[in-house]
Number of protein chains: 2
Amino acid sequence: MTRTEPARNPKPVTLTDVARLAGVSVATASKALNGRDQVAPATRQRVIEAADRLAFSPNPLARGLIAGRTGTVGLLTSDLVGRFVLPILTGAEDAFGAGQVNVFLCDARGDAIREQHHLRALLSRRVDGLIVVGERTDPRPSLGPDIPVPVVYVYAPSDDPADLSLTPDNTGAARLAVEHLVGSGRTRIAHISGDPAYAAAQDRAVGTREALAAAGLELVGDVMFSDWTEHWGRDAAALLLEHHPDVDAILCGSDQIARGVLDTARDLGRRVPEDIAVMGFDNWEVLTTNSRPQLTSIDANLQHLGRTAAQRVFAALDGVDVGHGIQYLPTRLVIRGSTIARR
Amino acid sequence: MTRTEPARNPKPVTLTDVARLAGVSVATASKALNGRDQVAPATRQRVIEAADRLAFSPNPLARGLIAGRTGTVGLLTSDLVGRFVLPILTGAEDAFGAGQVNVFLCDARGDAIREQHHLRALLSRRVDGLIVVGERTDPRPSLGPDIPVPVVYVYAPSDDPADLSLTPDNTGAARLAVEHLVGSGRTRIAHISGDPAYAAAQDRAVGTREALAAAGLELVGDVMFSDWTEHWGRDAAALLLEHHPDVDAILCGSDQIARGVLDTARDLGRRVPEDIAVMGFDNWEVLTTNSRPQLTSIDANLQHLGRTAAQRVFAALDGVDVGHGIQYLPTRLVIRGSTIARR
DNA sequence: CTGTTAGCGCCTTCAC
DNA sequence: GTGAAGGCGCTAACAG
């Protein structure tokens with residue numbers, strides 16, 4: 001007798017079962033359970049007990065048939081690592097308090113065919129709306145205008161300006177970072193970033209330059225682009241410290257790069273943060289909180305992004321005009337020991 | 001005109017649309033598409049073309065009664081980080097080739113209430129089965145015997161032996177690791193692990209001891225337990241190298257710990273792998289491929305686990321007895337520079 | 001107060 | 001080959 005033997009498995013209990021056990025009609029049972037006030041207290045009690053006894057839980061889809069809304073959104077992603085999509089998912093679920101929203105995540109792995117396949121599956125399952133998440137902030141192809149439910153693009157914006165997209169404000173984020181460094185007394189600031197083909201790399205570089213200019217400073221050397229790895233962080237830092245030994249802060253394009261930079265700094269005997277401040281980007285906890293010292297970083301507020309996306313989906317369902325185009329949401333500075341000495 | 005304005009959005013295409021386009025009744029269209037034999041071949045052809053043209057996909061929910069498999073499984077997880085669940089999801093989707101299976105992932109965040117909520121949502125959407133994924137290998141509460149579809153527990157096994165659970169063979173994994181170390185000439189092997197409350201920590205410790213004994217060796221010192229962090233890895237390695245300077249290999253309970261161990265080894269001037277071999281566990285790429293040197297690790301074959309789970313779900317649907325209890329699946333050794341010098 | 005009736009949106013199965 | 005009926009599980013109107 002295994003749980004995986006379908007023949008043995010009971011059907012889910014329906015309102016009809018409850019009504020029968022309580023000796024009332026389905027309508028009465030429905031009213032009793034939904035707190036309508038046209039039911040005798042004794043009857044209500046009986047129904048509730050029956051429901052409890054049968055462990056009844058209403059079929060949300062049947063409710064959705066009537067309400068025209070199921071409280072479920074589909075989350076289409078291509079973020080294999082899940083670094084971005086999972087916080088976004090969590091945020092979306094919490095958009096209206098616990099247990100109000102269901103999110104179904106499907107992974108398309110960057111494949112248009114798979115995306116269509118999942119899209120169909122989600123739509124036929126009556127999701128109220130869709131959230132589409134990509135793993136970089138470069139525009140991605142729109143799902144098109146023919147989706148029968150509201151769609152919000154998150155992190156990776158849609159390439160169609162008629163769509164609504166929510167993405168972190170990377171330019172502003174870099175500004176935050178530089179202001180933090182300058183505010184804590186740094187003046188010789190360099191920027192080691194990742195793959196220049198990423199919009200995120202470009203936006204952060206622009207923001208860095210702008211904020212430096214605003215503070216009357218100039219970047220030490222050029223922005224160093226290559227890839228988003230620790231390895232590059234190590235190499236770049238070695239190069240940088242050789243050519244510009246007087247650098248007193250390194251803003252990195254990702255936490256991984258920052259980890260590499262920390263390694264090299266240590267190898268070369270530079271103390272962090274005393275001699276050099278090091279900052280990461282993305283606030284990926286497994287990297288930031290485990291390094292020596294812990295990494296100051298920029299958090300993209302992904303949960304907030306997810307929450308906002310879900311709220312927009314349901315607002316659109318309510319007929320509210322939620323706007324369109326790319327909306328840039330604020331990021332958050334997380335200060336740790338790599339920029340400010342403890343105590 | 002935004003994509004999120006519901007009034008502008010076309011309805012999904014239904015059988016009615018197909019029938020209209022093909023110039024037949026819905027009934028005929030239904031028969032034609034379902035391969036019933038009371039339809040003229042020409043008509044059937046026309047209907048099929050119409051369906052294609054409209055990209056029609058039948059709504060799996062509207063088939064009130066019959067068993068028609070929907071090719072969809074629900075994935076219930078509590079793995080916030082997604083390190084385990086995402087490869088498992090990928091594997092499940094690939095169980096029968098691309099585009100055959102849809103997986104809907106729901107995150108319960110370790111909360112029983114949320115889990116019930118998602119469970120209902122998934123079941124009402126007519127998923128064919130469920131895969132339940134936890135983030136540790138300790139047993140988790142069963143969903144109970146009253147689920148109307150096959151359920152397979154992955155990574156975290158169910159506490160009910162009547163359920164089917166698939167989990168990595170941690171004991172065997174540790175054996176693999178020790179055999180690799182011994183096979184490459186190490187004899188003074190220590191084991192730094194994580195939180196001893198985790199079954200994974202205990203299982204790996206047992207496997208390590210067994211394999212050492214089988215090789216006629218003994219562990220250097222005791223197994224060192226604390227937590228799964230780089231920080232602990234650094235501290236533990238310092239302690240270990242002080243008390244047992246002659247150690248020539250350190251098997252770590254996780255990649256994070258191993259990263260910390262690598263740091264300390266470098267600080268103390270021990271060369272890896274020449275003086276000391278270091279091994280991680282879990283093969284978390286962001287950690288293993290970015291370290292200096294890259295980390296040899298044990299891969300739990302999570303994709304294979306996911307694929308197997310999905311296959312079991314559908315086999316059970318076909319009435320095959322897929323067994324029950326905990327099944328331990330083999331792991332895989334991934335050799336990198338931290339145990340064997342390159343070239 | 002409670003039961004009856006009528007759908008929600010879609011598909012399948014009857015009769016004709 | 002067709003139209004009409006039936007059903008999924010639930011709730012909202014109305015009757016009684």
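Throughout, a chain's letter reflects where its sequence line sits, starting with A, and its residues are numbered from 1.
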Presence of [X] side-chain N/O under 4.0 Å of [N] phosphate oxygens OP1/OP2:
{"X": "Ser30(A)", "N": "dC10(D)", "value": "no"}
{"X": "Arg63(A)", "N": "dG9(D)", "value": "no"}
{"X": "Ser25(A)", "N": "dT2(C)", "value": "no"}
{"X": "Arg36(A)", "N": "dT2(C)", "value": "no"}
{"X": "Asn34(A)", "N": "dT11(D)", "value": "yes"}
{"X": "Thr43(A)", "N": "dC1(C)", "value": "no"}

Whole Å only: how far is the [atom1] atom of [X] from the [atom2] atom of [N]?
{"X": "Lys31(A)", "N": "dT2(C)", "atom1": "NZ", "atom2": "P", "value": "9 Å"}
{"X": "Leu123(B)", "N": "dC10(D)", "atom1": "CG", "atom2": "P", "value": "13 Å"}
{"X": "Gln38(A)", "N": "dT4(C)", "atom1": "CD", "atom2": "P", "value": "17 Å"}
{"X": "Arg44(A)", "N": "dG3(C)", "atom1": "CZ", "atom2": "C1'", "value": "16 Å"}
{"X": "Arg46(B)", "N": "dG1(D)", "atom1": "CZ", "atom2": "P", "value": "8 Å"}
{"X": "Leu15(A)", "N": "dA12(D)", "atom1": "CG", "atom2": "P", "value": "12 Å"}
{"X": "Asn59(A)", "N": "dC8(D)", "atom1": "CG", "atom2": "C1'", "value": "9 Å"}
{"X": "Arg125(A)", "N": "dC10(C)", "atom1": "CZ", "atom2": "P", "value": "15 Å"}

Sub-4.5 Å side-chain heavy-atom contact between Val152(A) and Ser165(A):
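Side-chain contact under 4.5 Å: no.
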Does a side chain donor of either Ser142(A) or Asp159(A) reach within less than 3.5 Å of an acceptor in the other side chain?
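Not at all, the side chains of Ser142(A) and Asp159(A) share no donor-acceptor pair under 3.5 Å.
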Polar side chain donor-acceptor pair, Arg125(B) to Thr72(A), under 3.5 angstrom
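Looking only at side-chain atoms, Thr72(A) and Arg125(B) do form a donor-acceptor pair, the distance falling under 3.5 Å.
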From the list [options], which nucleotide is the closest neighbour of the side chain of [X]?
{"X": "Pro41(A)", "options": "dC11(C), dC10(D), dC1(C)", "value": "dC1(C)"}
{"X": "Arg126(A)", "options": "dC10(C), dT11(D), dT2(D)", "value": "dC10(C)"}
{"X": "Ala27(A)", "options": "dC10(D), dG3(C), dG3(D)", "value": "dG3(C)"}
{"X": "Leu65(A)", "options": "dG3(C), dC8(C), dC10(D)", "value": "dC8(C)"}

Just to be sure I understand the rule, does Ala40(A) reach a base, reach only the sugar-phosphate, or reach nothing, if contact means heavy atoms closer than 4.0 Å?
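Sugar-phosphate: the residue Ala40(A), judged by heavy atoms under 4.0 Å, touches backbone atoms but no base.
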Give Thr28(B) one of three labels, base, sugar-phosphate or nothing, depending on what nucleic acid heavy atoms sit under 4.0 Å from its own.
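Base contact.
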Is it true that Glu115(A) and Arg140(A) make a salt bridge, defined as a side-chain N closer than 4.0 Å to a carboxylate O?
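Yes, charged N to carboxylate O under 4.0 Å.
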Phe314(A) and Phe96(A) aromatic ring geometry - parallel, tilted or perpendicular at 30°/60° bounds:
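Perpendicular.
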